[in-house]
Amino acid sequence: MKLATWNVNSLKVRLPQVIDWLEANQPDMLCLQETKLLDENFPQSEIASIGYQSIFIGQKTYNGVAILSKQKGSEIVTAMPSFDDEQRRVIAATYEDIRVVSIYVPNGDNVESSKYEYKLKWLLALNRWLQQELKNHKKLVLMGDFNIAPEDRDVYDPKMWEGKVLCSEPERMAFNELLNLGFTDSFRLFEQPEKSYTWWDYRMMAFRLNRGLRIDHILLNNELARACAACVVDKTTRKLERPSDHAPVMVELSM
DNA sequence: ATGGTAGAGGATCTA
């Protein structure tokens with residue numbers, strides 16, 4: 001079984017790339033972030049035509065998340081309970097016995113910003129919600145755009161980024177507190193290429209110079225971590241015409 | 001000189 005996550009930065013623009021990628025990689029589920037589409041505009045039929053079901057929750061211009069899957073999902077949730085949020089950043093569903101929680105964590109802008117406060121509150125609410133989800137589901141995967149680079153090795157220039165948003169200690173602590181609930185960062189279960197990242201700024205030739213950060217993650221609970229056979233970042237999408245600034249991440253589970 | 005690029009939407013806001 002293959003599970004993937006990809007911040008597409010507008011599904012309208014990236015739909016042809018998403019369809020090509022699904023056909024080439026055949027994941028069982030693909031979580032999308034930053035669809036930037038109202039639900040009425042979601043390209044459900046185009047995605048269905050290649051054999052994938054869609055669940056989604058979107059809004060105009062910003063945010064928006066979806067899960068595309070070969071099998072039908074159940075117990076669909078489109079927001080965190082007990083966290084009032086106008087922004088569409090969460091979608092979860094159960095596929096057979098696997099609970100999939102797909103998230104788009106707020107960016108935070110900068111550590112002085114009120115958006116940063118919102119990010120930390122959002123992460124606290126996520127932690128609390130997942131404690132419940134872990135109790136209710138034996139197999140759980142949490143994946144998406146976390147907007148957090150967990151360690152210095154996930155950052156092309158750790159000194160320049162020290163204390164900055166995406167790398168600050170409170171954010172990294174929030175990430176570690178998620179791990180402490182009983183999750184494993186699937187990417188670090190395996191030998192990986194040096195300087196592996198999932199996001200590169202569009203500006204300043206960042207991708208060409210591999211000035212990136214690893215901020216998109218697939219976290220597996222213990223039951224699924226035991227079954228994990230691979231985790232890879234697919235950089236090839238970042239080389240396409242009109243790419244997303246993020247690359248997809250995919251895990252393979254032996255089950 | 002707080003720059004630069006992309007997306008949405010139609011001036012800025014977000015990332």
Side-chain angles (χ1 to χ4, degrees), chain A residues 5-21 30-43 46-47 56-66 79 85-91 102-123 126 143-150 154-157 159-168 170-172 174-175 197-217 233-249:
Chain A
T5 181
W6 191 7
N7 180 324
V8 289
N9 186 20
S10 168
L11 184 56
K12 188 181 174 187
V13 172
R14 237 62 72 187
L15 181 61
Q17 293 184 18
V18 168
I19 286 176
D20 286 351
W21 196 85
L30 172 62
C31 300
L32 301 177
Q33 301 86 37
E34 284 202 89
T35 55
K36 300 187 178 179
L37 287 174
L38 288 170
D39 292 346
E40 65 213 60
N41 297 327
F42 196 92
E46 290 93 329
I47 290 164
F56 43 84
I57 183 82
Q59 65 186 86
K60 212 177 184 182
T61 313
Y62 304 117
N63 310 313
V65 287
D85 194 359
E86 289 177 0
Q87 302 188 24
R88 307 307 200 188
R89 297 180 172 279
V90 169
I91 191 162
S102 172
I103 58 169
Y104 175 45
V105 177
N107 173 286
D109 193 24
N110 69 78
V111 296
E112 312 292 332
S113 170
S114 59
K115 290 184 218 156
Y116 180 78
E117 282 178 50
Y118 163 64
K119 180 179 195 173
L120 295 180
K121 279 184 190 149
W122 197 98
L123 287 164
L126 177 69
M143 59 179 151
D145 177 358
F146 286 65
N147 270 315
I148 301 171
D154 301 313
V155 182
Y156 72 93
D157 185 347
K159 276 193 179 151
M160 195 186 89
W161 280 83
E162 189 179 358
K164 298 251 170 41
V165 76
L166 313 185
C167 300
S168 72
E171 293 167 80
R172 287 180 168 179
F175 185 87
Y197 310 122
T198 65
W199 169 83
W200 302 261
D201 200 303
Y202 283 122
R203 296 166 286 190
M204 310 291 281
M205 300 189 296
F207 181 65
R208 218 156 68 74
L209 300 168
N210 197 28
R211 293 181 177 164
L213 275 68
R214 192 176 70 93
I215 57 176
D216 301 86
H217 308 294
V233 177
D234 181 6
K235 281 174 72 169
T236 61
T237 58
R238 193 63 175 76
K239 300 170 187 170
L240 300 170
E241 289 273 325
R242 286 191 92 185
S244 167
D245 45 353
H246 294 253
V249 185

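Order of the sequence lines fixes the chain letters, A, B, ..., with proteins taken first and strands second; residue numbering starts at 1 for each chain.
If you take CE of A/Met204 and C1' of B/dA6, they are 16 Å apart, rounded to a whole angstrom. In this structure, A/Met205 places its CE atom 13 Å from P of B/dA6, rounding to the nearest Å. B/dA6 atom P lies 16 Å from atom CH2 of A/Trp200, rounded to whole Å. In this structure, CZ of A/Phe207 is placed 16 Å from C1' of B/dA6, rounded to the nearest angstrom. A/Leu15 has its CG atom 14 Å from the P atom of B/dG7, to the nearest Å. The NZ atom of A/Lys60 sits 14 Å away from the C1' atom of B/dA11 (whole-angstrom rounding).
Rounded to a whole angstrom, the distance from the P atom of B/dG9 to that of B/dA15 is 15 Å. Look at the P atom in both B/dG3 and B/dT12: the space between them is 15 Å, to the nearest Å. Nucleotides B/dA11 and B/dT5 have their P atoms positioned 22 Å apart, rounded to a whole Å. B/dT2 and B/dA8: their P atoms are spaced 27 Å apart (whole Å). Distance noted for atom C1' between B/dG4 and B/dT14: 16 Å (whole Å).
Ring geometry for A/Phe42 against A/Phe56 counts as parallel: the plane angle stays under 30°, on a 0 to 90° scale with 60° as the upper cut. By the 30° and 60° cut-offs, the orientation of the rings of A/Phe146 relative to A/Phe175 is perpendicular.
One finds a side-chain N or O of A/Arg242 lying less than 4.0 angstrom from the OP1 or OP2 phosphate oxygen of B/dG7.
Summarising the geometry, atom CG belonging to A/Leu32 is positioned 7.0 Å from atom CD1 belonging to A/Ile47; distances are rounded to the nearest 0.5 Å.
Partners of A/Asp234 under the salt bridge (charged side-chain N to carboxylate O under 4.0 Å, His left out) rule, at least two apart in sequence or in another chain, do not exist in this structure. With sequence neighbours left out, A/Arg172 forms a salt bridge (charged side-chain N to carboxylate O under 4.0 Å, His left out) with A/Asp152.
When each of A/Leu166, A/Leu213, A/Leu123 is tested with A/Ile148 by the rule side-chain contact (heavy atoms from CB on, under 4.5 Å), just one qualifies, namely A/Leu123.
When the shell of 6.0 Å around CD of A/Glu162 is examined, it contains 12 or fewer heavy atoms from other residues, nucleotides or ligands.
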What protein N or O atoms touch nucleotides 13-15 of chain B N or O atoms at under 3.5 angstrom, if any, and at what distances?
unit_1	atom_1	unit_2	atom_2	d
B/dC13	O2	A/Tyr62	OH	3.3
B/dT14	OP2	A/Lys115	NZ	3.3
B/dA15	OP1	A/Arg89	NH2	3.4

